[in-house]
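So that the names make sense, note that chain A is the first sequence line, chain B the second, and so on, each numbered from 1. Note that these values count all heavy atoms, side chains included, but never hydrogens, waters or copies made by symmetry.
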Number of protein chains: 2
Amino acid sequence: MKRKITLKHIARELDVSISTVSKALKNSEEIGQDTKEKIQAFARLYNYRPNNIAISLKNKKTKNIGVIIPDIVHHFFTTVFRGIEQYANAKGYNVIVCVSDESFDKEVINMEMLANGSIDGFIMALAGETQLKNDYNHLKEVTEQGIPLVLFDRVTDEIHCDKVIINDEEAAYLAVKKLIASGRKKIALVTTEGYLNVSAKRTEGYYRALREHGLEVKPDLVLELPYQKEDDKKSEAFFKNRSMDAVLCVNEIFAVKSMGIVQRLGKRVPEDIAFVGFTDGILSRLSTPTLTSVDQHGELMGETAARMLIEKIENDHDQEEEESYETQIIRATLVERESTLGQV
Amino acid sequence: MKRKITLKHIARELDVSISTVSKALKNSEEIGQDTKEKIQAFARLYNYRPNNIAISLKNKKTKNIGVIIPDIVHHFFTTVFRGIEQYANAKGYNVIVCVSDESFDKEVINMEMLANGSIDGFIMALAGETQLKNDYNHLKEVTEQGIPLVLFDRVTDEIHCDKVIINDEEAAYLAVKKLIASGRKKIALVTTEGYLNVSAKRTEGYYRALREHGLEVKPDLVLELPYQKEDDKKSEAFFKNRSMDAVLCVNEIFAVKSMGIVQRLGKRVPEDIAFVGFTDGILSRLSTPTLTSVDQHGELMGETAARMLIEKIENDHDQEEEESYETQIIRATLVERESTLGQV
DNA sequence: GCCGCTTACGAAAACGGTTTCGTGTTAATA
DNA sequence: TATTAACACGAAACCGTTTTCGTAAGCGGC
């Protein structure tokens with residue numbers, strides 16, 4: 001087992017000082033040509049690589065960014081992560097991921113762990129529990145220490161920092177508008193229970209579209225489901241006892257499940273009921289019928305977040321209280337497929 | 001902006017030495033009770049946290065583990081990652097993820113970046129290109145440096161290290177056996193093109209099951225698809241021109257797509273054709289009909305890999321050439337759903 | 001032979017901790 | 001009162017780099 005070689009080893013072996021080795025390997029003008037060649041050859045021979053940790057300590061830069069997301073087994077977050085990872089990697093950064101699992105405590109613990117020097121900045125989407133508690137002290141502490149932070153998707157107004165979001169309200173509005181334009185009149189909504197503000201935004205868009213087109217807003221056409229638990233009986237009862245000709249769902253899982261349920265109830269999609277989901281993932285592409293879905297452009301979101309973060313990190317030298325934060329809005333787009341085909 | 005406080009600051013402020021502060025914060029017996037209390041109070045007041053980087057440098061332990069996977073937007077890898085992350089986090093480790101994107105070069109670059117002190121050990125699944133090239137020098141270098149490595153799922157015999165795999169051959173064998181037992185006789189296989197050895201193993205199991213049950217092995221009932229690109233025409237031609245009563249697919253995407261195709265061709269699933277997939281993910285649960293699938297227990301795999309790695313990391317002190325490596329086999333299980341319902 | 005300049009390198013501090021060892025002070029003991 | 005052990009703390013090395021600054025050697029010019 002050949003252990004990692006250090007500057008000190010090289011220095012001792014070639015009978016020069018550590019500083020000389022360091023400079024020689026950086027091809028410094030200070031060092032004589034022959035000495036440089038000797039040292040470089042030796043370093044190459046023994047495959048010398050500088051120790052990242054030591055460099056981090058010296059520079060006070062880790063070239064790591066911390067990503068904290070509520071869930072990784074979830075298509076949207078996964079694509080965002082991919083965007084982050086790609087951009088970060090291209091810029092020479094590594095990514096440390098922590099999963100909060102929607103838990104406030106885990107979010108706090110993970111942030112504290114990473115904030116003590118492990119990373120140069122954070123990218124995160126808030127845990128559901130955090131949004132529910134409305135407690136953002138852990139974020140405040142981090143930003144007060146001068147650690148750059150970018151929030152995406154699940155954001156809050158309480159914290160001043162860069163943000164990347166999609167136009168949730170408008171996207172839902174446009175989706176419903178499209179349904180109305182194709183002749184649908186009784187449009188239902190399947191959303192999550194309360195606390196997630198992205199769902200709330202989408203719900204607002206749904207209401208606005210109905211109002212602006214003179215359609216009655218019927219609360220009993222709105223189904224609220226628990227966020228990640230299944231509640232098939234509730235859904236079945238909902239679809240069995242109501243009449244509707246279209247459904248907007250705040251994610252693709254709800255949409256595909258709902259389609260399955262109404263199909264089993266003997267209704268045809270899209271002929272009897274049209275469906276639109278959010279999160280244009282693999283489910284949307286492979287369901288039968290294929291699902292019309294709002295593409296949130298997760299990868300672009302991730303890339304944007306990473307770009308904003310790295311920008312902040314690398315400009316930190318002359319920041320000194322300028323404090324200007326930006327909110328980037330990614331425009332969602334509707335991907336039309338079979339589930340909304342045809343005019344009624 | 002309040003900067004992070006260090007031992008030096010505390011020492012200067014309280015007019016004691018750095019060593020005293022360090023010891024006091026560890027509640028060392030060496031330090032007098034009142035001094036300790038004073039220092040601890042001060043540290044608490046200013047929210048002192050030791051700098052992870054400095055500690056890493058001193059201990060030569062980073063408490064980070066590096067995970068390199070071919071793809072993150074892929075249900076199986078995502079669940080494995082989740083298992084890793086959970087276990088690692090519980091043990092106080094953070095996880096740095098790099099995505100190789102099936103590229104040999106990216107895999108090499110990522111490993112080299114992380115191997116220079118950033119992590120205490122690796123968990124990885126080989127990139128497709130790496131398996132194709134059959135070049136594992138980057139892995140050899142890492143293990144020769146004494147960095148613990150655990151391979152999962154996509155492994156190689158060329159490297160001696162801990163491994164976690166599933167019984168791919170047997171799982172496919174059992175799945176096909178079950179199809180045969182339910183009366184299916186003309187069983188097709190949808191697999192990936194050549195180089196992925198997990199697909200190869202599954203293919204072997206498929207063949208063995210046919211042979212052992214006296215069924216003819218027909219090469220033209222085997223469809224090879226490119227790994228991640230779509231080739232719908234090829235699939236359609238395959239299913240249109242052949243007669244079969246069951247299909248084994250090496251992943252759930254192939255399975256759900258294939259089901260869609262045969263359904264559009266007017267065949268019923270499972271009445272006319274039964275389907276079994278690999279990777280029991282969200283697609284299997286939500287497709288119509290729901291898909292019988294081989295659950296690879298990704299989370300358990302991840303947890304197992306993380307356990308093995310951390311064990312090696314933390315026992316490194318007395319290792320000195322004992323070099324015993326283990327291969328854990330996770331037993332896959334068949335989750336039966338609608339797509340294989342009924343006896344023919 | 002002296003001055004000053006360039007060249008080529010080394011010493012040392014610094015990053016932020018941990019840890020070993022040494023030492024001054026006090027109190028107990030002979 | 002002299003000896004010694006316990007106590008409480010500080011100095012310094014160390015982890016592996018980078019970087020500033022100092023300086024010895026060599027050389028040209030006078």
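Between A/Arg3 atom CZ and D/dG16 atom P there is a gap of 10 Å when expressed in whole angstrom units. Distance A/Leu7 CG to D/dT18 P: 6 Å, rounded to the nearest Å. Between the NZ atom of B/Lys61 and the C1' atom of C/dG17 there is a distance of 18 Å, rounded to whole Å. Atom CD1 in A/Ile18 sits roughly 20 Å away from atom P in D/dC21 (whole-Å rounding). Note: CD (B/Gln33) to P (D/dA8) measures 9 Å, nearest angstrom. To the nearest angstrom, C1' of D/dT17 lies 13 Å from CG of B/Asn116. Distance, A/Ile39 CD1 to D/dT17 C1': 15 Å, rounded to whole Å. Atom NZ of A/Lys63 is separated from atom C1' of D/dT17 by 16 Å (rounded to the nearest Å).
In summary, the side chains of B/Glu107 and B/His138 do present a donor paired with an acceptor at a separation below 3.5 Å, with no hydrogens or angles considered.
Phosphate proximity of D/dC9 to B/Thr35: present, with a side-chain N or O under 4.0 Å from OP1 or OP2. Not one side-chain nitrogen or oxygen of B/Thr6 sits closer than 4.0 Å to the OP1 or OP2 atom of C/dG16. For the OP1/OP2 pair of C/dT18 and a distance below 4.0 Å, the side-chain nitrogens and oxygens of B/Ser22 include at least one atom meeting the criterion. Within the 4.0 Å cut-off from OP1 or OP2 of C/dG17, at least one side-chain nitrogen or oxygen of B/Tyr48 is found. Under 4.0 angstrom from either OP1 or OP2 of D/dC9 there lies no side-chain N or O belonging to B/Thr20.
A ring-centre distance under 6.0 Å is found for B/Phe42 and B/Tyr46.
Between B/Ile53 and B/Ser19, the residue anchored closer to the 5' end of DNA chain C is B/Ile53, taking for each the nucleotide with the nearest heavy atom. Residue B/Leu57 is the one, among B/Leu57 and A/Lys26, whose nearest nucleotide of DNA chain D lies closer to the 5' end (criterion: closest heavy atom). Both B/Asn59 and B/Ile31 lie close to DNA chain D; mapped to their nearest nucleotides by heavy-atom distance, the more 5′-ward contact belongs to B/Ile31.
With distances taken from any side-chain atom of B/Glu30 to the nucleotides C/dG16, D/dT17, D/dC9, the minimum falls on D/dC9. Relative to the side chain of B/Pro50, the nucleotides D/dC9, D/dC21, C/dG17 differ in distance, and C/dG17 lies closest.
Side-chain to base pairing of A/Lys58 with D/dT17: no donor and acceptor N or O lie closer than 3.5 Å to each other. Scanning atom types as modelled, no donor and acceptor separated by under 3.5 angstrom connect the side chain of B/Lys4 and the base of C/dG16.
Between the side chain of B/Asn59 and the main chain of B/Lys61, no donor-acceptor pair closer than 3.5 Å is present. Of the possible polar contacts, one joining the B/Thr78 side chain to the B/His74 backbone as a donor-acceptor pair under 3.5 Å is found.
At a threshold of 4.0 angstrom between heavy atoms, the contacts of A/Lys60 are confined to the sugar-phosphate backbone, with no base atom among them. Using a 4.0 Å heavy-atom cutoff across all strands shown, A/Lys8 reaches sugar-phosphate atoms only and no base atom. Residue B/Ser56 is classed as having no contact, given no heavy-atom separation below 4.0 Å to the nucleic acid.
Here the straight-line distance linking atom CG of B/Asp15 with atom OG1 of B/Thr20 works out to 10.5 Å at 0.5 Å rounding.
Taking all atoms of both residues into account, the shortest heavy-atom contact from A/Val95 to A/Ala88 is CG2-CB, 3.9 Å.
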